[in-house]
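What follows is a single structure, written as structure tokens, with notes after it.
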Protein chains: 2
Amino acid sequence: MDLRHLRYFVAVAEEENIGRAAARLHISQPPLTRQIQQLEEELGVTLFIRTPRGMELTQAGELFLAEARNIRALVEQATERTQRAGQGKLGRLDVGIFGSAILDAIPKLLLSFRNRYPDVKVVLHTMTKAEQLEALRQRRITVGFNRMLSPLDDIGVRQVSTEGLLVAVQADHPLAHQPVVRFAELAEHPMILFPTGARPSFIDKVIGWATESGFQPHISQEVGDAVTGVALVASGFGVCLVPDSATTLQFPGVVYRTLTDTPPNFFVDLSCIYRKDDQSPLLAAFMETVDAFRAGERKR
Amino acid sequence: MDLRHLRYFVAVAEEENIGRAAARLHISQPPLTRQIQQLEEELGVTLFIRTPRGMELTQAGELFLAEARNIRALVEQATERTQRAGQGKLGRLDVGIFGSAILDAIPKLLLSFRNRYPDVKVVLHTMTKAEQLEALRQRRITVGFNRMLSPLDDIGVRQVSTEGLLVAVQADHPLAHQPVVRFAELAEHPMILFPTGARPSFIDKVIGWATESGFQPHISQEVGDAVTGVALVASGFGVCLVPDSATTLQFPGVVYRTLTDTPPNFFVDLSCIYRKDDQSPLLAAFMETVDAFRAGERKR
DNA sequence: CCTGCTCAATACCTCCAAGGTATGATCCTT
DNA sequence: AAGGATCATACCTTGGAGGTATTGAGCAGG
């Protein structure tokens with residue numbers, strides 16, 4: 001049996017007349033007669049009663065008509081859904097993120113992606129940079145977000161956004177009384193750095209900037225992410241360099257100050273990584289959204 | 001697209017290897033390669049990633065696999081159900097019956113039919129003989145049950161059972177004190193006859209027997225069916241000749257007595273009628289059950 | 001009662017495309 | 001470097017889907 005048989009059968013059942021059905025199907029009458037005969041023979045069931053006025057469904061034919069219509073509708077739906085999936089408009093996208101990325105870029109980006117592809121289910125997984133790489137290779141995620149990424153043999157990188165840096169200080173800290181803080185002033189104060197884990201990371205960047213500005217930072221504590229860092233600032237552990245977006249964290253007892261006299265390249269970038277050999281249309285669709293987002297960010 | 005494409009696609013998806021899939025499908029590898037290419041082209045979607053180790057499903061392919069399996073299962077189910085329907089094992093059978101037929105033969109017969117064809121829904125319609133004929137011709141019923149039927153041009157008859165007759169009398173009636181009653185004794189007592197409506201009917205048969213036994217019955221009342229007749233017996237309207245099976249009706253104040261010295265052919269038969277041009281397998285199946293039932297009845 | 005009409009079925013032909021064989025083209029393994 | 005997988009391509013063969021012409025069977029109208 002064939003989908004053609006179903007199509008022909010439904011036409012004949014609806015027209016109750018082989019000639020008219022053949023016309024509707026744009027074929028001639030005899031082949032249609034034969035196809036119906038074949039179908040009946042294959043099923044071993046008489047589907048039509050031949051009357052002088054045309055074809056009339058038997059009970060079994062009536063039942064088969066319902067089934068045939070259903071199957072044809074499902075085939076239709078299957079192709080349509082598969083095509084949508086093939087265009088990246090339907091499916092599931094697993095995304096690896098790190099703790100504080102959630103603060104700024106990611107929500108906006110995901111919002112924009114959701115608008116374009118409402119039928120794609122996005123699942124977020126919080127994981128470190130190393131975990132992201134492993135998960136990417138094992139295909140547990142399709143993209144990962146992180147900072148300080150460099151391309152690898154099998155992993156591509158796309159920059160998402162660039163952020164300036166602020167310093168988070170306790171509200172009653174001496175630096176909090178100044179409108180702005182010179183970068184070099186930070187030499188005087190214990191610093192909280194993040195993230196722990198795989199180096200090189202943001203920590204090394206901060207140390208590099210300090211060196212360029214002629215001081216060795218006094219590290220009071222290393223923490224996992226910006227959120228924890230700011231929490232420790234509130235508790236008086238020291239000051240903490242954080243990306244712009246961290247200001248979303250309105251911690252009681254913590255204020256943010258802009259920095260002046262900063263070293264060159266005083267910013268951090270957020271990038272996303274993906275498998276270079278991933279041809280998935282979902283990834284392509286997501287990357288397109290990332291590029292659009294980045295273009296929008298740059299303009300601002 | 002074709003069911004063949006689905007079958008091939010599922011095989012390749014499951015084997016993750018065109019060669020093995022081709023072997024499983026008993027075709028050679030190149031045609032299978034082409035069929036898969038065709039399918040992908042028709043959908044406009046890449047379903048597989050070709051790796052050096054074989055074929056790997058894309059996300060869209062994964063989705064299509066689920067759909068394809070579903071469709072194939074439905075086709076399977078549709079053919080199977082249609083075949084069952086074609087053999088009369090599935091469907092709906094509308095049956096016309098008359099009031100008191102429900103007492104004996106019909107329930108047993110329907111029970112036996114239900115056992116053989118559990119997926120056939122039997123719908124009972126109570127109607128008179130004339131209504132049954134009309135309903136048969138309009139295809140509102142497939143078979144009808146009645147007594148005293150004779151074949152017509154377009155209507156066939158099949159006998160179902162034969163029953164003897166008893167007389168129903170009030171418990172304190174003089175005849176109730178005898179173990180058996182001679183048929184001629186009924187001449188003395190008012191009789192309740194049934195059914196009203198189309199003649200010839202059971203009424204004429206009773207009058208014929210009376211005539212043969214040399215008396216004119218004294219008709220006290222004509223009623224619609226045996227049940228009503230027995231009810232009137234309880235109320236003292238007279239005696240009533242009923243088929244054996246009516247003894248199922250244990251009416252308070254009514255007893256049944258067997259008859260002796262009965263005229264020849266002192267029995268009634270129950271038959272069923274059907275459209276002669278009805279080729280429905282359901283009817284054939286039912287008739288087969290009727291014949292089997294009748295064979296069982298005869299043996300007893 | 002025959003004739004013409006309207007169906008579906010049959011006979012026979014044509015040709016496309018599904019399937020087969022032989023052979024690349026790659027990539028991985030040894 | 002060689003051999004073995006694996007999928008893709010080239011080319012041939014043939015079954016069957018579709019076409020035309022015709023037959024056969026009911027039914028209606030003159």
Side-chain angles (χ1 to χ4, degrees), chain A residues 1-43 45-58 60-61 64-65 68 72 137 153-154 275-279, chain B residues 1-43 45-58 61 65 68 72 137 153-154 275-279:
Chain A
M1 183 165 40
D2 236 336
L3 290 182
R4 185 187 52 254
H5 287 112
L6 297 187
R7 195 169 78 248
Y8 288 3
F9 168 77
V10 170
V12 173
E14 283 175 357
E15 298 288 345
E16 296 188 328
N17 175 311
I18 290 197
R20 278 201 303 276
R24 186 171 121 184
L25 295 166
H26 305 112
I27 62 173
S28 63
Q29 172 255 317
L32 184 52
T33 293
R34 243 185 323 147
Q35 294 296 317
I36 297 294
Q37 286 172 338
Q38 270 181 24
L39 180 60
E40 287 185 326
E41 191 176 350
E42 188 180 337
L43 290 174
V45 173
T46 304
L47 297 172
F48 292 101
I49 296 166
R50 277 71 170 172
T51 76
R53 292 215 306 286
M55 310 281 278
E56 197 176 311
L57 282 171
T58 61
F64 191 66
L65 175 59
R72 276 169 51 72
R137 293 197 174 106
D153 266 4
D154 54 343
R275 287 200 345 270
K276 274 183 184 164
D277 66 347
D278 190 341
Q279 295 303 311
Chain B
M1 183 165 40
D2 233 334
L3 289 182
R4 185 187 53 255
H5 287 112
L6 297 187
R7 196 169 79 247
Y8 289 4
F9 167 77
V10 171
V12 173
E14 283 175 358
E15 298 288 346
E16 297 187 326
N17 175 312
I18 289 197
R20 277 200 304 275
R24 186 172 118 184
L25 295 166
H26 305 112
I27 61 174
S28 62
Q29 171 257 316
L32 184 52
T33 294
R34 243 186 323 147
Q35 293 295 319
I36 296 296
Q37 286 171 338
Q38 269 180 25
L39 180 61
E40 287 185 326
E41 192 176 348
E42 189 180 337
L43 290 173
V45 174
T46 305
L47 297 172
F48 292 101
I49 297 164
R50 278 71 170 171
T51 75
R53 292 215 306 287
M55 308 282 276
E56 196 176 314
L57 282 171
T58 61
L65 175 60
R72 276 168 52 73
R137 294 198 173 105
D153 266 5
D154 53 341
R275 288 202 340 273
K276 274 183 184 163
D277 67 345
D278 189 342
Q279 295 305 311

| message | Nearest 0.5 angstrom please: B:Arg50 CZ to B:Ile36 CD1, how far? | response |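 Result: 8.0 Å between the selected atoms.
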
| query | Starting at the 5' end of DNA chain C, which residue's closest nucleotide do you reach first, A:Arg50 or B:His5? | reply |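 By nearest-heavy-atom nucleotide position, the 5'-most residue is A:Arg50.
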
Length of the [atom1]-[atom2] vector between [X] and [N], whole Å:
X	N	atom1	atom2	answer
A:Asp2	D:dG18	CG	C1'	14 Å
B:Glu56	D:dT6	CD	P	15 Å
B:Arg4	D:dG15	CZ	C1'	12 Å

| task | Only counting residues at least two apart or in another chain, list the ones meeting side-chain contact (heavy atoms from CB on, under 4.5 Å) with B:Asp278. | result |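 side-chain contact (heavy atoms from CB on, under 4.5 Å) check on B:Asp278 returns B:Thr142, B:Arg275, B:Ser280, B:Leu283.
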
| query | Does anything in residues 10-18 of chain A reach DNA chain D, meaning a heavy atom under 4.0 Å, and if so which residues? | reply |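 The stretch gives none, as no residue of it lies under 4.0 Å from the strand.
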
| query | In residues 25-43 of chain A, which ones come under 4.0 Å of DNA chain D, going by heavy atoms? | reply |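 A:His26, A:Ile27, A:Ser28, A:Pro30, A:Pro31, A:Arg34, A:Gln35, A:Gln38 - these, ordered by number, are the residues of the stretch whose heavy atoms sit under 4.0 Å from the strand.
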
| task | Check whether any side-chain N or O of A:Glu42 sits under 3.5 Å from a backbone N or O of A:Met1 as a donor-acceptor pair, and report yes or no. | result |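 It does hold such a pair.
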
| query | Is the side chain of A:Glu40 donor-acceptor paired with the backbone N or O of A:Phe48 at a distance under 3.5 Å, no angle test? | reply |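 Looks like yes, one N/O pair under 3.5 Å.
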
| query | Taking only N and O in the side chain of B:Arg53, is any of them less than 4.0 Å away from OP1 or OP2 of C:dC27? | reply |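 False: B:Arg53 side-chain N/O out of range (4.0 Å or more) of C:dC27 OP1/OP2.
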
| said: Any non-hydrogen side-chain atom of A:Ile27 less than 4.5 Å from a side-chain atom of A:Tyr8? | reply: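 Result yes, sub-4.5 Å side-chain heavy-atom pair found.
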
| message | What's A:Phe48 touching, base or sugar-phosphate or nothing? Going by heavy atoms closer than 4.0 Å. | response |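 Nothing, no heavy atom under 4.0 Å.
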
